[in-house]
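Heavy-atom basis, side chains included; hydrogens, waters and symmetry copies ignored.
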Amino acid sequence: MAIGVRGILMKAFVSRAKHRLGAQNLKQFSAALNNGYCYSAYATQHFFDAGQPTAETHPQLVAAGEITPGITEQEYVARRKKLLELLPEKSLVIMASAPVKMMTDVVPYPFRQDADYLYFTGCQQPGGIAVLSDEFGLCMFMPDSDPEEEIWRGQVAGTYAALNTFKADQTFSISKLHMLLPDMIAKACKLYHNRNIASSDYADLPAFKKALNESNVHYLCKYTHEARWIKSPSEMNIMRQSAAITCQALLQTMLASKRCPHEHILATTIEYECKIRGAQRMAFPPVVGGGANGSVIHYSRNDQQIRDGEMVLMDVGCEVNGYVSDLTRTWPPCGSFSPCQRELYELILDTANECLKLCKPGASLRQIHSYSSTG
């Protein structure tokens, strides 16, 4: 009911604005909004709203010189340089932002940016396409302003943010993609993109289809994964923060399990404890399996009461500024192990400790996994 009433009121506001301002003036007003400058009736200063936290709007999260929390402008430039060094000469990279996915016909799921698009641009918002090459640098095609959409979902980054927040070398409206991208494609020897999230904005262009038919379009992920293998000190700090938050949250959840031995309550508790410590979201749906449910690897129903004497397994992790953690623990909510439970628990703990000794440079996950099962 509230959504329906708000929708009617918002549409009435836009309709009245069109009537008072005229369609052309409303477009100009929308363009000003797209530049992101916001004012407060109770303040004498104005600030630039890039549609995501910046050092100006969220100094408690983002330090001066950073594009996203903990990651500087220089680091993003270095990431793009490294990717181009891995690719053949005269390559052109096309990266699309993640699409908005809908839960119902009018309600979207919470948006999460594509990992590669975020890693190389720092932009956390949908609707954009980034093009990268030695010749053009970082060229960002940004979504156009939509006054009605921004009433519902707030400010989004436009071309101004691309230059001033994300430090693109060039930027254009997404509406100009069909005019400019074909020339960029024509000058490239090889094209690279992520076919799993390919956008029709570029995939339907005749120039792209021609390159595809000539087998000149290649899968980008092999190179982006290699570019991300070695983590910077800044990345490791965020990864440690993500792991620390999950550890602290799980300890609190374990304490709560004795008085609330129910899978759903424990799943809710771990999410709450992670988010109040700074996590944006869970890394994946929490696995909370009591008794036999703990043997289902990706169990996610989380709807069963945990009976007295049963163990509960939790496989959980959180996401902090694009970096995730993953932790699994098993314990008896009733407070004590049975003799058989303790014997099995100690066997697995000993195996895990032996595997940790193998975690050294040069070792592969496959080798460690094989050792865990064969000894």
Side-chain angles (χ1 to χ4, degrees), residues 14 21 23-39 46-58 62 65-68 71-74 76-77 79-80 92-100 111 113-114 116-185 187 193 197-205 207-208:
V14 173
L21 297 175
Q24 187 60 36
N25 287 337
L26 184 63
K27 280 189 175 181
Q28 294 174 357
F29 177 68
S30 172
L33 285 177
N34 193 238
N35 282 342
Y37 278 97
C38 299
Y39 299 85
H46 63 271
F47 60 89
F48 170 66
D49 185 355
Q52 66 185 61
T54 63
E56 187 177 20
T57 61
H58 295 69
V62 185
E66 294 177 347
I67 293 181
T68 55
I71 308 296
T72 64
E73 301 168 5
Q74 292 80 7
Y76 278 103
V77 171
R79 291 174 176 183
R80 296 192 288 269
L92 186 77
V93 174
I94 304 174
M95 287 186 286
S97 60
V100 174
F111 180 74
Q113 186 59 277
D114 172 69
D116 286 340
Y117 190 88
L118 175 62
Y119 186 83
F120 292 104
T121 70
C123 181
Q124 300 171 353
Q125 301 162 70
I129 292 176
V131 178
L132 182 64
S133 72
D134 286 318
E135 181 177 353
F136 302 109
L138 173 63
C139 179
M140 296 183 73
F141 291 89
M142 304 300 285
D144 296 313
S145 176
D146 183 337
E148 292 193 45
E149 190 70 15
E150 288 176 6
I151 287 172
W152 284 99
R153 298 181 186 171
Q155 185 67 43
V156 295
T159 54
Y160 186 89
L163 290 177
N164 293 277
T165 300
F166 309 122
K167 307 303 178 184
D169 300 294
Q170 303 179 60
T171 183
F172 302 95
S173 162
I174 195 74
S175 62
K176 296 183 178 179
L177 183 77
H178 71 285
M179 295 186 290
L180 300 174
L181 187 57
D183 288 339
M184 296 178 173
I185 292 175
K187 293 179 180 180
H193 81 135
I197 60 163
S199 168
S200 59
D201 287 336
Y202 72 81
D204 289 346
L205 293 175
F208 185 86

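Atoms NE2 and CD1, on H193 and I129 in that order, are 11.5 Å from each other to the nearest 0.5 Å. The distance from atom CD of E73 to atom OG1 of T68, rounded to the nearest 0.5 Å, is 10.5 Å. Taken to the nearest 0.5 Å, the CE atom of M184 stands 9.5 Å off from the CD1 atom of I94. To the nearest 0.5 Å, atoms CD1 (I67) and CD (Q74) are separated by 8.5 Å. Separating the OG atom in S173 from the CG atom in D144 is a distance of 3.0 Å, to the nearest 0.5 Å. Atom NZ of residue K176 and atom CG of residue L181 lie 14.5 Å apart, to the nearest 0.5 angstrom.
Minimum interatomic distance between T54 and A50 (heavy atoms only, all atoms of both residues): CG2-CB, 3.8 Å. F120 and R79 get closest at one heavy-atom pair: CE2-O, 3.4 Å. In this structure, S133 and L92 approach most closely via the heavy-atom pair CB-CD1, 3.7 Å. Nearest heavy-atom pair across A96 and I197 is O-CD1, 3.2 Å. Scanning both residues, F111 and A98, for their nearest heavy atoms gives CE1-O, 3.2 Å. The heavy-atom pair separating F166 from C123 by the smallest distance is CE2-CA, 3.6 Å.
Contact check for I185 versus Y202: no side-chain heavy atoms found under the 4.5 Å cut-off. K187 is listed as a side-chain neighbour of F136, based on a closest heavy-atom distance under 4.5 Å. Side chains of I71 and Y76 form a contact here, defined as non-hydrogen atoms less than 4.5 Å apart. Side chains of S97 and Q113 form a contact here, defined as non-hydrogen atoms less than 4.5 Å apart. Between M140 and T121 there is a side-chain heavy-atom pair separated by less than 4.5 Å.
Panel note: side chain Q125, backbone A157; a donor-acceptor pair is recorded below 3.5 Å. At least one donor-acceptor pair closer than 3.5 Å links the side chain of Q52 to the backbone N or O of G122. Formation of a donor-acceptor pair under 3.5 Å by the D169 side chain with backbone atoms of L138 is found in this model.
Using modelled atom types, one finds a donor on one side chain and an acceptor on the other under 3.5 Å when comparing S145 with E150.
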